[in-house]
Amino acid sequence: MEQNEDKYYINKVDKVADSIYCHHDLMGELLIPSHKHKKSQMLYTEGGIVYVKTQNKRYYLPARHFMWIPAGVEHSIHPSSERVMMRNLYFPTEIFEDDFYDKEGIYPITDLLLEMLLFTKKWNGDLNYNSRDYTIALAIKSILPEVCKVNLPLALPYPKDFRLMEVIDYIDKKISETLVFSDIASKYRFTEKTLTRLFKKELNMTFVQYVTIKRILKFIELTTEKKYSIQDASIAIGYKSVPTFSNTFFKFMGQRPTDYVNGRIVLNE
């Protein structure tokens, strides 16, 4: 694959410092290599699963959500298919911006935001100051702190300690099975106290939190690809009780799995 600057629109994003840059296109590749912008990025995707990797985390961007990537954050993009549609808006940073714009995160896209974003689908390239298109795009950015109150925990950090890497790899492979913390600690020759501290130090979360988020991400992946029913997907990620999983999912996502899976899909090709 050619270098980023030769093949992708990436090198055009920052050419005009005070413009809002707009880019809508099919991915065309299974990887957009690691890069960063001087502008912040609003990324919305349609038609598949997308992972976004930053230096410390791997984010999962499901349908009907968008990711905010602050200026200067290095990231790579990994779609499940070359047919995934990307919708991007890149915004120059301003002095005294709301704290919202400094934090990377995944947010549900509201009906209002989606309608506004789809209104931009025929735009591409720089939107210049004082143009109608610029004003509309800036309005999208301006309302984000007001309508995006829930930064969803759809990300998992990377461990740097090779000992914990082995544990995480095991958990990922056995996610459909019953995972007992004491058994895993014993398997990898940790005391429970030591492994607990390692999770907290390396991942800033507990074993239970890691497993829960991993299972939710896997559930979203399975149901997004429409290969599994809600019940079958729940079983496939290690839950024997659908109501129990439904309660856990609601706690993290703010809606029931049924509502999420059956949610209104808007894909204006």
Side-chain angles (χ1 to χ4, degrees), residues 3-29 31-46 50-57 59 61 65-79 84-152 154-155 268:
Q3 295 297 315
N4 299 4
E5 293 81 3
D6 296 333
K7 190 164 188 176
Y8 294 110
Y9 60 91
I10 293 172
N11 66 318
K12 300 178 183 178
V13 170
D14 295 321
K15 277 193 172 180
V16 181
D18 60 354
S19 75
I20 295 175
Y21 191 84
C22 182
H23 180 78
H24 301 284
D25 201 2
L26 293 174
M27 287 290 300
E29 298 283 351
L31 167 67
I32 293 183
S34 186
H35 63 283
K36 58 184 176 181
H37 319 284
K38 295 179 182 178
K39 296 176 180 178
S40 297
Q41 179 178 359
M42 180 182 181
L43 169 62
Y44 177 76
T45 61
E46 303 166 353
V50 174
Y51 289 96
V52 179
K53 293 183 179 180
T54 63
Q55 183 177 3
N56 298 315
K57 291 186 177 181
Y59 289 88
L61 181 57
H65 295 73
F66 74 90
M67 183 170 182
W68 181 262
I69 306 173
V73 173
E74 189 166 339
H75 60 282
S76 58
I77 301 174
H78 309 253
V84 171
M85 170 66 75
M86 285 197 309
R87 302 197 184 281
N88 295 285
L89 287 172
Y90 299 85
F91 299 96
T93 57
E94 306 290 341
I95 300 175
F96 305 123
E97 285 193 321
D98 191 284
D99 290 344
F100 173 93
Y101 304 113
D102 295 329
K103 303 170 185 175
E104 57 197 63
I106 304 285
Y107 301 88
I109 195 159
T110 65
D111 290 345
L112 173 61
L113 274 177
L114 186 54
E115 291 298 329
M116 294 176 74
L117 187 60
L118 291 178
F119 186 81
T120 75
K121 67 181 182 179
K122 294 183 179 179
W123 303 349
N124 262 306
D126 291 300
L127 309 179
N128 296 314
Y129 184 71
N130 285 335
S131 71
R132 182 204 68 158
D133 295 347
Y134 182 99
T135 302
I136 293 172
L138 185 60
I140 294 175
K141 177 185 177 182
S142 299
I143 66 173
L144 294 182
E146 298 302 319
V147 300
C148 300
K149 299 296 186 181
V150 181
N151 187 341
L152 297 173
L154 297 180
N268 275 356

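One is the number of the first residue; the rest follow in order along the sequence.
Contact check on Glu94 versus Lys141 returns no salt bridge, with no Lys/Arg side-chain nitrogen under 4.0 Å from an Asp/Glu carboxylate oxygen.
A donor-acceptor pair is defined here as one N or O able to donate and one able to accept, closer than 3.5 Å; such a pair exists between the side chain of Asp14 and the backbone of Lys38. Side chain of His24 to backbone of Cys22: no donor-acceptor contact under 3.5 angstrom is found. Ser131 places no side-chain N or O within donor-acceptor distance of the main-chain N or O of Leu127, the cut-off being under 3.5 Å.
In this pair, His37 and Tyr90 present their aromatic rings perpendicular. The plane angle is above 60°, beyond the 30 to 60° band. A perpendicular orientation is assigned to the rings of Tyr129 and Tyr134, their planes being inclined by more than 60° (bins at 30° and 60°).
Within the 4.5 Å cutoff, the side chain of Asn124 has no heavy atoms near those of the Asp25 side chain. Contact annotation: the side chain of Tyr101 never approaches that of Thr93 to less than 4.5 Å [non-hydrogen atoms, C-beta and beyond]. A 4.5 Å side-chain heavy-atom check between Val50 and Ile77 finds at least one atom pair inside the cut-off. No side-chain heavy atom of Leu152 sits under 4.5 Å from any side-chain heavy atom of Tyr107.
Here the closest non-hydrogen pair linking Leu31 and Pro79 is N-CD, 4.1 Å. Of all non-hydrogen atoms in Ala71 and Ser40, the two that sit nearest each other are N-OG, 3.1 Å. Here the closest heavy-atom approach between residue Thr120 and residue Ile140 is recorded as CG2-CD1, 4.1 Å. Of all heavy-atom pairs spanning Lys103 and Pro70, the tightest one is C-CG, 3.6 Å. Listed here is the closest heavy atom pair of Ser19 and Pro92: O-CD, 3.2 Å.
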For side-chain contact (heavy atoms from CB on, under 4.5 Å), just list the numbers for Trp68 and Met42, CA-CA rounded to whole Å, side-chain angles, deciding distance to a tenth of an Å, and then say yes or no. CA-CA 5 Å; Trp68 181 262; Met42 180 182 181; 4.0 Å; yes
For Phe66 and Leu113, what are the C-alpha separation, side-chain angles and deciding distance, and is it a side-chain contact (heavy atoms from CB on, under 4.5 Å)? CA-CA 10 Å; Phe66 74 90; Leu113 274 177; 4.0 Å; yes
Evaluate the side-chain contact (heavy atoms from CB on, under 4.5 Å) criterion for residues Leu114 and Tyr44: first the C-alpha distance (whole Å), next the side-chain angles of each, then the deciding distance (0.1 Å), finally the verdict. CA-CA 9 Å; Leu114 186 54; Tyr44 177 76; 3.6 Å; yes
side-chain contact (heavy atoms from CB on, under 4.5 Å) evaluation trace for Ile143 with Leu112: CA-CA 10 Å; Ile143 66 173; Leu112 173 61; 4.0 Å; yes
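Residue His23 forms a side-chain contact (heavy atoms from CB on, under 4.5 Å) with just one option from Asn88, Leu43, Val13, and that option is Asn88.
Looking only at atom types and distance, the side chain of Glu104 has no donor-acceptor partner in the side chain of His75 under 3.5 Å away.
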